[in-house]
Amino acid sequence: MTDTSDLAGSSDARVPSGVPGLDTLLRGGWLRGGTYIVTGVPGTGKTILGNQFCFSTVAHGGKAIYLTVLAESHARMVLHLQGMSFFRKEEVGRTVNYESGYAPLKSEGLAGLSRLIFRAVREQGATALVLDGLSAVEESAESRIAFREFLHGLCVHNALAGCTTLLLTGQSSDAADPQFAMVDGVVLLTMDPQGVKSVRSVEVAKFRGAGQLAGKHSFDISDSGLTIYPRTEALYSEQAERVPELRERLAFGIPRLDEMLHGGLVRYSSTLVFGSPGSGKTLMCLHFLAEGARLGEPGLYFGFVETGARILNKADMVGLDLREYASSGLVRLESRLAVESLPDALVQELFDLVEKHGIKRLVLDGLEPFVQESTDPHRIPRFLTAMNNQLRALGVTMLATQQTNTLFGPVLHAPLERVEAIIDNILLLRFVELRSQLYRMLSVLKMRESDNDPALRLFSITNEGIDVAETFESAEAILTGQARPLIPGVLKKPAKPGKRRGLLRRRKGGA
């Protein structure tokens with residue numbers, strides 16, 4: 001068992017909260033001997049958080065007391081906790097003790113409750129105390145000053161005993177409430193409405209004696225208990241030290257496309273493959289992964305629509321050896337359902353996969369799921385910037401796809417705005433219409449820190465993959481999606497001069 005006497009005397013000792021992500025917000029955990037209020041409306045997860053703290057304490061060699069005042073019975077609480085992965089039934093009554101403070105509070109008031117707490121902490125050698133029902137204690141106080149004295153006495157006693165204390169209470173609407181001023185910290189749990197659903201969020205509103213990761217952060221409740229996902233832009237706010245390596249190029253394995261890119265993409269850069277639905281964005285990205293695997297570079301496909309099996313079938317149809325690389329582990333195929341997902345949770349999972357498997361080439365097949373659940377549209381550029389910077393710091397060259405809202409036509413509309421300023425390179429794939437037929441067109445709109453061929457190219461999808469043709473010189477105003485015949489030789493059946501002039505006049509006139 002850990003010797004807690006030395007830890008109690010250390011002013012900078014930290015105590016793990018037992019809640020994944022919360023220690024990140026607290027920059028290391030609770031301060032040993034501190035007293036903290038956890039407040040929130042019913043259903044936000046206060047009781048689960050308190051129990052996670054207790055079982056985390058005993059897992060690190062300490063002892064915990066969970067004291068209830070006018071809360072649910074201990075039998076029902078334990079019954080509800082049994083499905084949680086952190087719960088250890090064998091520790092109940094041994095290192096985790098559940099006690100009720102209602103009887104002494106009712107018969108002896110705050111003084112009786114204080115005596116019960118002090119005696120239990122001393123006799124059991126508790127290093128963690130959770131008091132569930134602080135609002136009931138406040139309602140039982142004879143006066144506001146009496147309640148302040150109770151809080152003050154609790155803070156002083158448990159600080160000297162090295163017992164870290166959590167006080168669980170309902171959300172207060174009074175910012176001047178004395179309970180918030182008396183304690184060492186305040187954690188707010190909320191449920192914010194978003195359309196027809198609610199999003200859980202946590203905020204460390206106060207943390208005396210140390211810094212914290214400010215602002216609201218999302219969390220969810222599962223069989224593992226509470227899991228907090230710190231905001232990506234807050235967690236990765238510093239500029240990545242790694243810069244794109246200009247001398248190294250990562251090819252697609254598509255000869256003419258690689259020529260347009262002067263050898264390929266700059267290593268550690270980010271690229272947006274932007275285009276109409278069905279234009280070939282995913283297939284182009286699969287070329288990038290397959291070429292990397294051929295050279296021994298681990299790759300990751302992270303998508304939201306097609307499963308790994310469908311991706312492999314798609315690759316087989318165009319002759320890409322992706323199945324072989326997936327079997328060997330050089331290419332990993334990960335698919336997630338973008339249904340009520342938490343963007344910060346997705347990003348953290350992505351970073352974990354990149355680090356675990358040493359990924360060098362990454363394909364994000366769809367940027368929208370990373371930001372579609374955000375309640376703050378102004379957050380999106382900051383979120384994407386932080387994600388992009390961290391991926392670069394991890395040594396990744398990223399391709400991300402984004403879909404336009406139109407199949408073809410004079411107007412390009414992107415569902416995510418201001419992405420073009422964040423991403424290093426942009427490849428545009430789209431359909432153009434010529435003589436009642438659709439053709440696929442490719443262009444390099446942007447390459448930061450690199451030269452490129454800006455010419456427009458036709459490309460086709462064959463049983464051998466993507467084939468990029470020579471410059472399509474017969475297309476006028478190609479970026480508007482309205483190709484017009486200028487050279488009769490490119491048409492299957494050349495029009496007579498008079499008819500061709502008439503066709504051009506009608507199109508210019510809007511007919």
Side-chain angles (χ1 to χ4, degrees), residues 232 236 240-255 257-258 261 263-273 280-336 345-367 369-370 384 386-402 423-425 427 449-450 465-466:
T232 302
Y236 304 101
E241 295 183 2
R242 193 189 302 268
V243 297
E245 180 52 65
L246 304 183
R247 294 171 296 179
E248 295 186 45
R249 299 283 178 150
L250 276 65
F252 280 80
I254 305 173
L257 174 58
D258 291 332
L261 301 172
L265 302 174
V266 173
R267 187 177 291 278
Y268 311 136
S269 66
S270 57
T271 301
L272 181 66
V273 183
K281 301 184 298 298
T282 299
L283 186 57
M284 181 168 289
C285 292
L286 296 184
H287 272 275
F288 184 71
L289 291 179
E291 178 65 10
R294 187 183 69 83
L295 299 174
E297 294 189 342
L300 169 64
Y301 170 90
F302 198 90
F304 302 93
V305 176
E306 298 178 284
T307 63
R310 293 184 66 183
I311 289 295
L312 291 177
N313 289 339
K314 177 178 290 190
D316 290 342
M317 293 176 64
V318 295
L320 286 178
D321 297 327
L322 205 62
R323 191 176 296 274
E324 175 186 347
Y325 297 133
S327 298
S328 66
L330 264 177
V331 173
R332 297 191 61 84
L333 305 175
E334 300 286 343
S335 181
R336 301 290 182 269
L346 285 175
V347 168
Q348 193 56 58
E349 182 184 12
L350 176 63
F351 291 165
D352 290 344
L353 287 170
V354 167
E355 291 187 270
K356 180 179 179 180
H357 301 287
I359 300 300
K360 300 301 179 184
R361 297 191 181 204
L362 169 67
V363 168
L364 299 181
D365 199 3
L367 275 181
F370 284 95
L384 293 177
M387 181 179 72
N388 187 30
N389 285 340
Q390 180 61 13
L391 288 172
R392 181 179 296 119
L394 293 173
V396 171
T397 304
M398 178 190 73
L399 260 67
T401 66
Q402 184 183 3
I423 301 295
D424 298 317
N425 318 309
L427 304 182
E449 301 171 314
S450 174
I466 290 179

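Excluded from the calculations below are hydrogen atoms, water molecules and symmetry mates; all remaining heavy atoms, backbone and side chain alike, are included. Bear in mind the structure is a predicted one, so any value in this text is a computation, not a measurement.
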Check whether any side-chain heavy atom of [X] sits under 4.5 Å from a side-chain heavy atom of [Y], and report yes or no.
X    : Y    : value
F252 : L427 : yes
H357 : L300 : no
Q390 : V354 : no
L322 : V331 : yes
T401 : C285 : yes
Q402 : I423 : no
E306 : S335 : no
L265 : L399 : yes

What distance do [X] atom [atom1] and [Y] atom [atom2] have between them, rounded to the nearest 0.5 Å?
X    : Y    : atom1 : atom2 : value
L364 : L272 : CG    : CG    : 10.5 Å
E449 : N425 : CD    : CG    : 9.0 Å
T232 : F370 : OG1   : CZ    : 9.5 Å
E334 : E349 : CD    : CD    : 7.0 Å
S269 : R392 : OG    : CZ    : 7.5 Å
Y325 : L312 : OH    : CG    : 13.5 Å

So which heavy atom on [X] is nearest to which on [Y], and how close?
X    : Y    : answer
Y268 : P244 : CB-CA, 3.9 Å
M387 : L367 : CE-CD2, 4.1 Å
D424 : S270 : OD2-N, 2.9 Å

field: Member of T397, L350, L394 meeting the side chain to side chain contact (heavy atoms under 4.5 Å, CB included) criterion with L362
entry: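 Running side chain to side chain contact (heavy atoms under 4.5 Å, CB included) over T397, L350, L394 with L362 returns exactly one hit, L350.
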message: Side chains of R323 and N313: any donor to acceptor distance under 3.5 Å?
response: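 Their side chains do contain a donor-acceptor pair, which is all the 3.5 Å distance test asks for.
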message: Do Y301 and D365 pair up side chain to side chain, a donor and an acceptor below 3.5 Å, judged on atom types alone?
response: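 Distance-only check passes for Y301 and D365.
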message: The test is side-chain contact (heavy atoms from CB on, under 4.5 Å); show your working for F302 and I359 and say whether it passes.
response: CA-CA 12 Å; F302 198 90; I359 300 300; over 6 Å; no
Determine all donor-acceptor pairs shorter than 3.5 Å in which one atom belongs to a side chain in residues 286-298; sequence neighbours excluded.
unit_1	atom_1	unit_2	atom_2	d
H287	NE2	I466	N	3.1
E291	OE1	R294	NE	3.2
E291	OE2	R294	NH2	2.7
E297	OE1	R361	NE	2.8
E297	OE2	R267	NH1	3.3
E297	OE2	R267	NH2	2.6

field: Heavy-atom donor-acceptor pair, D258 side chain to G264 backbone, under 3.5 Å
entry: no
- request: Look at the side chain of R249 and the backbone N and O of L261, then say whether any donor-acceptor pair between them is shorter than 3.5 Å.
  value: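 Yes, the answer is positive, given that a donor and an acceptor are paired below the 3.5 Å cut-off.
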